[in-house]
Novice: 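I'd like to ask some things about the structure below.
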Protein chains: 2
Amino acid sequence: MTEDGNSTLPPSRRGRRPGASGTRQAILDAARARFAEDGYAAATIRKIASDAGVNAALVMQFYRSKDELFAAVMSISPGALSRIEQAFDGPEQALGERVTRAHLTLWEGDPRDSESLLAMLRAAISRPQAAAQLREFIQARLLKQIRPRLRDDHDAAVRSGLASSMLMGVIVGRRIVQVPALAEEDLESVIRRVAPAIQTVLTGGMEV
Amino acid sequence: MTEDGNSTLPPSRRGRRPGASGTRQAILDAARARFAEDGYAAATIRKIASDAGVNAALVMQFYRSKDELFAAVMSISPGALSRIEQAFDGPEQALGERVTRAHLTLWEGDPRDSESLLAMLRAAISRPQAAAQLREFIQARLLKQIRPRLRDDHDAAVRSGLASSMLMGVIVGRRIVQVPALAEEDLESVIRRVAPAIQTVLTGGMEV
DNA sequence: ACGATAAATCAACACTTGTTGATATAAGGG
DNA sequence: CCCTTATATCAACAAGTGTTGATTTATCGT
């Protein structure tokens with residue numbers, strides 16, 4: 001006994017930890033979850049650091065500011081985006097159903113994407129920068145796809161903007177405000193109910 | 001800057017001001033606008049007080065805490081609510097149009113109401129209390145009206161929840177995210193495009 | 001006129017936030 | 001081995017937050 005071997009003496013928790021840490025990614029994951037759950041303001045650096053099992057100062061050393069950390073979180077995988085774009089291929093008769101499904105599954109699918117989007121949405125409500133990002137997502141990505149299928153640009157912009165906004169509203173109702181009837185309803189059933197309405201907005205007549 | 005360097009010495013701006021001030025209402029108005037514009041967290045007592053041309057401590061003396069001030073702001077006038085309820089009277093064929101119009105005009109009408117709703121929506125994203133309030137607004141008020149017109153309760157709840165959420169989404173797109181095509185479009189045109197979709201959600205078939 | 005009360009400001013507290021500089025430990029190349 | 005670099009913690013700052021107690025000035029009932 002009295003032998004101070006190797007195991008009993010790591011008193012100071014300071015300094016670099018042994019092995020490959022992967023801490024940077026852990027911080028990013030914690031940040032994404034926190035931003036999505038609490039919004040930008042309420043998601044403090046200290047909480048994020050704590051979630052990642054790390055000191056707050058380290059977060060600042062990796063990502064230089066809270067803003068840059070947020071920016072690092074705000075990205076949607078190209079794969080998810082292409083899945084949305086593909087939704088526009090096919091018979092126009094089922095356009096609403098495909099667009100609705102693509103949207104809702106993106107917003108409720110892989111946390112890597114859905115949490116980013118939720119965070120973006122939450123932040124868009126309090127931060128102009130995030131609002132601009134979401135605006136671009138809603139506008140450019142969808143408009144690019146919808147435009148060729150509709151008559152004139154202005155019409156296409158309004159229709160696609162409305163469709164995106166309404167689908168976004170469904171997400172807000174389900175995930176944020178958590179209207180009981182919506183939050184409990186399963187995704188497939190929601191899609192079945194919403195799709196015809198989106199179809200109406202996208203292709204339905206209004207000039208009648 | 002803006003230092004008033006007049007030579008007369010109007011002694012100490014302290015103490016009660018002459019005349020009936022109406023300051024209490026001014027604080028409430030400033031708070032409503034700030035909460036709607038900045039959200040709960042970013043709307044500081046000091047900013048609200050400054051908007052009302054008053055010291056921050058006075059705000060605390062009138063409304064005892066920031067929470068109570070917020071609660072005081074969160075109320076929609078009975079008149080506005082009854083206007084919404086009336087929207088459900090009439091031929092079912094035009095139900096979507098009336099509900100859409102009632103909603104959108106409420107959300108974009110008298111600032112007394114629309115700012116409260118915007119503030120509620122913004123706050124719902126960061127504060128569970130506000131989320132519950134908005135949930136109740138979306139659910140109870142509308143469900144009570146829609147229920148008699150639809151077959152079973154579950155169906156009615158889901159349909160009315162979806163309609164409200166989608167309309168809320170349109171507001172978010174127009175007022176918060178500010179999707180250009182939507183923000184620029186005038187209200188009447190938006191109603192004309194959205195109404196058929198809401199009609200579809202409320203009364204349209206799904207079992208087909 | 002007087003005293004109670006309401007309306008207003010001031011100064012400060014206790015706390016949290018993002019951020020920074022110093023320091024400590026590990027990893028890796030020469 | 002040493003020296004650089006990446007990883008980690010600690011302590012503290014400056015700014016901003018909601019909130020409070022003391023104080024000053026006007027209003028109103030008696």
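Every chain is numbered from 1 and lettered A, B, ... according to where its sequence line falls, protein lines coming before strand lines. These numbers were taken from a predicted model, which means no experiment stands behind them. Because only heavy atoms are used, hydrogens play no part in the values below, and waters and symmetry mates are left out as well, while side chains stay in.
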Novice: Reading DNA chain D from 5' onward, which residue's closest nucleotide shows up sooner: A:Ala57 or A:Phe62?
Specialist: A:Phe62

Novice: Could you state the CG-C1' distance from B:Leu58 to D:dT25, rounded to the nearest angstrom?
Specialist: 13 Å

Novice: Quick test of your reading: applying ring-ring contact (aromatic ring centres under 6.0 Å, His included), list the pairs with at least one residue in residues 159-202 of chain A, sequence neighbours left out, ordered by first then second residue.
Specialist: none

Novice: Residues two or more places apart in sequence or in another chain: which of them pass side-chain contact (heavy atoms from CB on, under 4.5 Å) with B:Glu108?
Specialist: B:Ile171, B:Arg174, B:Arg175, B:Leu187

Novice: In whole angstroms, how far is the P atom of D:dT7 from the CD1 atom of A:Ile27?
Specialist: 10 Å

Novice: Show me the protein contacts with nucleotides 15-18 of chain D, counting only N or O atoms at under 3.5 Å.
Specialist:
{"residue": "D:dG18", "atom": "OP1", "partner": "B:Ile45", "partner atom": "N", "Å": "3.4"}
{"residue": "D:dG18", "atom": "OP1", "partner": "B:Lys66", "partner atom": "NZ", "Å": "3.0"}
{"residue": "D:dG18", "atom": "OP2", "partner": "B:Ile45", "partner atom": "N", "Å": "3.1"}
{"residue": "D:dG18", "atom": "N7", "partner": "B:Arg46", "partner atom": "NH1", "Å": "2.9"}
{"residue": "D:dG18", "atom": "O6", "partner": "B:Arg46", "partner atom": "NH2", "Å": "3.1"}

Novice: Judged by modelled atom types alone, do A:Thr203 and A:Gln199 share a side-chain donor-acceptor pair under 3.5 Å?
Specialist: yes

Novice: Taking CZ from A:Arg64 and P from C:dT20, how many angstroms apart are they, rounded to a whole number?
Specialist: 9 Å

Novice: Measure the distance from CD1 on B:Ile48 to C1' on C:dA8 and round it to the nearest whole Å.
Specialist: 18 Å

Novice: Given the rule that a pair is Watson-Crick or G-U wobble with both distances under 3.5 Å, how would you write DNA chain D in dot-bracket, using | for pairs to a different strand?
Specialist: ||||||||||||||||||||||||||||||

Novice: Which heavy atom of B:Val201 sits nearest a heavy atom of B:Arg159, and at what distance?
Specialist: O-NH1, 2.9 Å

Novice: Kindly write out the residues that satisfy salt bridge (Lys or Arg N to Asp or Glu O under 4.0 Å) with A:Asp51, not counting sequence neighbours, or none if the list is empty.
Specialist: A:Arg34

Novice: To the nearest angstrom, how far is A:Phe70 atom CZ from C:dG18 atom P?
Specialist: 13 Å

Novice: B:Ser77: what forms a side-chain contact (heavy atoms from CB on, under 4.5 Å) with it, not counting sequence neighbours?
Specialist: B:Ala80, B:Asp113

Novice: Partners of A:Glu68 by side-chain contact (heavy atoms from CB on, under 4.5 Å), sequence neighbours excluded?
Specialist: A:Arg64, A:Ser65

Novice: What's the CG-C1' distance between A:Leu69 and C:dT17, to the nearest Å?
Specialist: 15 Å

Novice: Apply side-chain contact (heavy atoms from CB on, under 4.5 Å) to B:Met74 and list each qualifying residue two or more places apart in sequence or on a separate chain.
Specialist: B:Phe70, B:Ala119, B:Met120, B:Gln133

Novice: A:Glu97: which residues meet the salt bridge (Lys or Arg N to Asp or Glu O under 4.0 Å) condition with it, sequence neighbours left out?
Specialist: A:Arg101

Novice: Take the protein atom CG of A:Asn55 and the nucleotide atom P of C:dG21, then report the distance between them rounded to whole Å.
Specialist: 16 Å

Novice: Taking the nucleotide of DNA chain C with the nearest heavy atom to each, does A:Ala56 or B:Arg24 sit closer to the 5' end?
Specialist: B:Arg24

